[in-house]
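Keep in mind it's a predicted model, so treat the numbers as computed, not measured.
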Amino acid sequence: MDLNISSKIVLNKVSENLYKPEMAVERSEITRFEKIPTEIFPTVDEGAKNVANYIESTIKRKQRDGKYCVIGLGTGLSLTPVFNELIRRHDEEKLSFYNVIIFNAYEYYPLKPDAKNSSFKQLKERFFDHVDLDPHNIYTLDGSIKQENVQEYCRLYEERINSFGGLDIILIGIGRMGNIAANEPGSVITSTSRLILIDPTVRDEMTWSFGSGEHVPPCSLTMGIATILKSKRIFLCAWGEDKAEIIKQAVEGKMNDAVPASFLQTHNAAHVITDIPAASKLTRIVHPWLVSSCEWTDKMVRRALVWLCQVSGKPILKLTNKDYNENGLSELLALYGSAYNANIKIFNDLQHTITGWPGGKPNADDTDRPERALPYPKRVIVFSPHPDDDVISMGGTVRRLVQQHHEVHVAYETSGNIAVNDEEVRRFMHFINGFNQLFGQGGDKIIVEKYKEIKEFLNNKKENDIDSRDVLTIKGLIRRGEARTASAYNDIPLSRVHFLDLPFYESGQIEKFPMTEKDVEIVRELLVSVKPHQIYVAGDLADPHGTHRKCTDAVLAALDLEKQAGAEWLKDCRVWMYRGAWAEWEIENIEMCVPMSPEELRAKRNSILKHQSQMESAPFLGNDERLFWQRAEDRNRATAKLYDDLGLACYEAMEAFVEYKP
């Protein structure tokens, strides 16, 4: 069973010559905008192997010379694939680390001596405990040091690094703010090891380790920029679409302290290692016509014309031959014969993505429509990773499908219980207790005892404590109730509302259990019972918390099993991917766009507002101060404005979809 099908989704095929040029001259040409050498790989595993190759060769060379190999390590999740590859080589190929000296790049501060979530303990669990490192060769910053001793302690840490001749290699990730190690925006190029205040955005990223932003210590002890730049070789690893924008800024932008990673531009042996999604906003990937000849697919032409409209400030049908020639798109003139021919082609392509009939329009010619007219009505399943993603991501489309008489089912894949604050539990417990006293004469002993038990747990709950199963159950019930209310508001019968409660989610923490066949079978059972003609799944492959991706993988794996079993219903089923509060589809990929009127957008907002626990007090709003309904409206309005700016129909808002084709 393939549990990672989403990793194989390729919306924009990138020509191999753009990331794997054969000649040095070609490489120089396509990387002309890049100020840090950047290696792009088709997969994360290939990128991790490339880094591991250099680390292994350096370790072995030092072993032959009878010397230590000194390595600095960050703890970002981007480094895990490299750690895993090194562990594999240790286990299967007998790579030894007996001569390796490790320096931890940063540690949270302040920490208690027995802190469970230290940076050092993460490294131990993910790497150190699996190889033959000598514990005496591992050095880390101490998050429990007294504040008055911090400055001298950091100076001695620098001296310890220098005593081994400096770092041979440092392996780091990059944060969304361009931070490397814990060097936040504002860090200067001359900074050395020191105490630093953690930026709010970085605190949000660190919730992976601490379960809640409230529990992340306010500061870090970190190697400075100058310390990192003294390394003989620097590897910065970044994987996934959510790192694409900051990689572009660090690699192609101006060097400045607003993006600390940009200081790597001054190093003669710094290397950025990415997969294709993380490199997707580099010029050679997103605008290849500016650096090389292109393979002009329909998607590439659409992307180029949308870009040309934006740089020229013109709608599609007003673009001229001169606009093409002055902006590096003369190849398209040769291909289409004139600007007019190219303009008409792309205008019509985009026009055909717009439909007010997401389930297909009955008794209509569907030749140029995104969805087929028949069968009508259709059976539809909307898979929602959390109990509000359906309305946040495609609330307008859900209402349209219901109003157009399709049989709409909503499947909430996880309980969403960790995204409910304790205050919400207390509020509901007070209600239950009051209800029992008023209408049960306070005589239900079980309710009274359970109320006391849960109240005592919440009162004694300490930082980093995982909720008891009772508390998680109540939080799940709160979200179920909100989801039912929102579904009822959208006229979906409760008999078509399904709570799957996939087991992988029930860790009680941000970091989930691995997805297994059990999760897939739960999804498959629903698919077989409904036999849908249309399926909607989350396409947020860069979802910062990973749940969306796992949920989508569960659906795709279930579909794959049904396909292997020769299921007849699959032959007449289409799968559409939506996006939520985090990002929108690139316009060259949009295949269906459902418009909304002002009234429909207001109805969508109302359905999102039914999820009261996810409003102002939701734990995972992130650094974005907008609430989920505001994010959704802004995103939908921005999509409509883009269509309007291109000279197409002008709507209040639009929801966009991409078809999944196995």
Quiz item: Does some side-chain heavy atom of Lys345 sit less than 4.5 Å from a side-chain heavy atom of Val301?
Solution: no
Quiz item: In Å and rounded to the nearest 0.5 Å, what is the CH2 to OH distance from Trp296 to Tyr336?
Solution: 9.0 Å
Quiz prompt | Pairs meeting criterion salt bridge (Lys or Arg N to Asp or Glu O under 4.0 Å) with involvement of residues 251-275, two or more places apart | solution = Lys248-Glu252
Quiz prompt | Phe33, CZ: over 12 other non-hydrogen atoms inside 6.0 angstrom | solution = yes
Quiz item: Atom OG in Ser293, atom CD1 in Ile30: separation rounded to 0.5 Å?
Solution: 12.0 Å
Quiz item: Can you tell me if Thr227 and Glu158 form a side-chain donor-acceptor pair at under 3.5 Å?
Solution: yes
Practice problem: Would you check if there is a donor-acceptor pair between the side chains of Glu584 and Thr639 at a distance under 3.5 Å? | Solution: yes
Quiz item: Are there more than 12 heavy atoms of other residues, nucleotides or ligands under 6.0 Å from atom NZ of Lys232?
Solution: yes
Quiz item: Which heavy atom in Gly580 sits nearest to a heavy atom in Ser393, and how many Å separate them?
Solution: CA-OG, 3.1 Å
Exercise. Nearest 0.5 Å please: distance from the SG atom of Cys237 over to the CG atom of Leu171.
Key: 5.0 Å
Quiz item: Going by atom types only, do Tyr643 and Thr353 share a side-chain donor-acceptor pair under 3.5 Å?
Solution: yes
Quiz item: Taking only residues two or more places apart in sequence or in another chain, which ones pass side chain to side chain donor-acceptor pair (under 3.5 Å) with Arg89?
Solution: Asn53, Glu56, Glu85
Practice problem: I would like to know whether Val131 and Val100 meet side-chain contact (heavy atoms from CB on, under 4.5 Å); could you show each step before the answer? | Solution: CA-CA 11 Å; Val131 296; Val100 174; over 6 Å; no
Self-check item: Heavy-atom pair with the smallest gap, counting every atom of Gly224 and Asn183
Solution: CA-OD1, 3.6 Å
Self-check item: Nearest heavy atoms of Ile172 and Ile234, plus distance in Å
Solution: CD1-CG2, 4.2 Å
Quiz item: Just checking, any donor-acceptor pair under 3.5 angstrom between side chains of Glu331 and Trp289?
Solution: no
Self-check item: Donor-acceptor under 3.5 Å (Thr222 side chain, Tyr106 main chain)
Solution: no
Quiz item: Can you list the residues that meet the ring-ring contact (aromatic ring centres under 6.0 Å, His included) rule with Tyr157, with sequence neighbours excluded?
Solution: Phe103
Practice problem: Any side chain to side chain donor-acceptor pair (under 3.5 Å) involving residues 29-43? Give me the pairs, sequence neighbours left out, ordered by first then second residue. | Solution: Arg27-Glu39, Glu34-Arg284, Thr43-Glu46
Self-check item: Single hit among Leu18, Val291, Ile247 for side chain to side chain contact (heavy atoms under 4.5 Å, CB included) with Leu282
Solution: Ile247
Self-check item: Leu559 vs Ile535 side-chain heavy atoms within contact, under 4.5 Å
Solution: yes
Quiz item: Can you tell me how far the OG1 atom of Thr355 sits from the CE atom of Met654, to the nearest 0.5 Å?
Solution: 10.0 Å
Exercise. For Glu245 and Arg176, indicate whether the former's side chain and the latter's backbone hold a donor-acceptor pair under 3.5 Å.
Key: no
Exercise. Tell me, please, which residues at least two apart from Tyr324 pass ring-ring contact (aromatic ring centres under 6.0 Å, His included).
Key: none
Quiz prompt | Backbone N/O of Leu141 and side chain of Asn104: donor-acceptor pair under 3.5 Å | solution = no
Quiz item: Distance-only, no hydrogens or angles: does the Asn256 side chain make a donor-acceptor pair with backbone N or O of Ala258 under 3.5 Å?
Solution: yes
Exercise. Looking only at non-hydrogen atoms, find the nearest pair between Ala250 and Ile36 and report the distance.
Key: O-CD1, 3.6 Å
Quiz item: Are side-chain heavy atoms of Ile174 and Ser78 found at a separation under 4.5 Å?
Solution: no
Self-check item: Main-chain N/O of Arg579 paired to Asp540 side chain as donor or acceptor, under 3.5 Å
Solution: no
Practice problem: Under the side-chain contact (heavy atoms from CB on, under 4.5 Å) rule, what do Lys314 and Leu308 come out as? Steps first, then yes or no, please. | Solution: CA-CA 8 Å; Lys314 295 180 178 181; Leu308 185 55; over 6 Å; no
Quiz item: Between Thr320 and Asp323, is any side-chain donor less than 3.5 angstrom from a side-chain acceptor?
Solution: yes
Exercise. Apply ring-ring contact (aromatic ring centres under 6.0 Å, His included) to Phe83 and list each qualifying residue two or more places apart in sequence or on a separate chain.
Key: Phe127
Practice problem: Output yes when a side-chain donor or acceptor of Thr552 lies under 3.5 Å from a complementary backbone atom of Ala538, and no otherwise. | Solution: yes
Quiz item: So, the side chain of Asn325 versus the backbone of Asn321: is there a donor-acceptor pair under 3.5 Å, distance only?
Solution: yes
Quiz item: Would you find more than 12 non-hydrogen atoms of other residues, nucleotides or ligands less than 6.0 Å from Glu93 atom CD?
Solution: yes
Exercise. Heavy atoms only: give me the nearest Ile273-Gly47 pair and the separation to one decimal.
Key: CG2-O, 3.8 Å
Exercise. Report yes or no: do Arg549 and Asn4 form a side-chain donor-acceptor pair below 3.5 Å?
Key: no
Quiz prompt | Intermediate values then yes/no, salt bridge (Lys or Arg N to Asp or Glu O under 4.0 Å), Asp45 and Lys49 | solution = CA-CA 6 Å; Asp45 287 343; Lys49 286 177 181 177; over 6 Å; no
Practice problem: Test side-chain contact (heavy atoms from CB on, under 4.5 Å) on Lys322 and Ser312 and set out the steps. | Solution: CA-CA 11 Å; Lys322 183 180 178 183; Ser312 66; over 6 Å; no
Quiz item: Is Leu86 close to Phe97 at the side-chain level, that is, under 4.5 Å between some pair of heavy atoms?
Solution: yes
Quiz item: Would you call Cys309 and Asp645 a side-chain contact if the rule is heavy atoms closer than 4.5 Å?
Solution: no
Quiz item: With side chains defined as the heavy atoms from C-beta onward, is the minimum distance between Glu588 and Met300 less than 4.5 Å?
Solution: no
Quiz prompt | Heavy-atom side-chain contact between Ile180 and Leu264 under 4.5 Å | solution = yes
Quiz item: Could you walk me through whether Glu295 and Ser15 pass the side-chain hydrogen bond (donor to acceptor under 3.5 Å, both in side chains) check?
Solution: CA-CA 7 Å; Glu295 296 178 17; Ser15 177; 3.1 Å; yes
Exercise. Could you check if a side-chain atom of Ile161 sits within less than 4.5 angstrom of a side-chain atom of Met223, using non-hydrogen atoms only?
Key: yes
Exercise. Measure the spacing between CG of Leu646 and CD1 of Ile346 and express it to the nearest 0.5 Å.
Key: 11.0 Å
Quiz item: Got a salt bridge between Glu371 and Arg574, using NZ or NE/NH1/NH2 to carboxylate O under 4.0 Å?
Solution: yes
Quiz item: Does Asn343 use its side chain to pair, donor to acceptor, with the backbone of Leu319 at less than 3.5 Å?
Solution: yes
Quiz item: Side chain of His271, backbone of Pro37: donor and acceptor closer than 3.5 Å?
Solution: no
Quiz prompt | Point-to-point distance, once rounded to the nearest 0.5 Å, from CD1 of Ile316 to CZ of Arg302 | solution = 9.0 Å
Exercise. Over all heavy atoms of both residues, which pair between Ile5 and Asp560 is shortest? Give the atoms and the distance, please.
Key: CD1-CB, 3.9 Å
Quiz item: Got a donor-acceptor contact below 3.5 angstrom from the His352 side chain to the Asn348 backbone?
Solution: yes
Quiz item: When Phe657 is tested against each of Met592, Glu591, Met577 for side chain to side chain contact (heavy atoms under 4.5 Å, CB included), which residue passes?
Solution: Met592
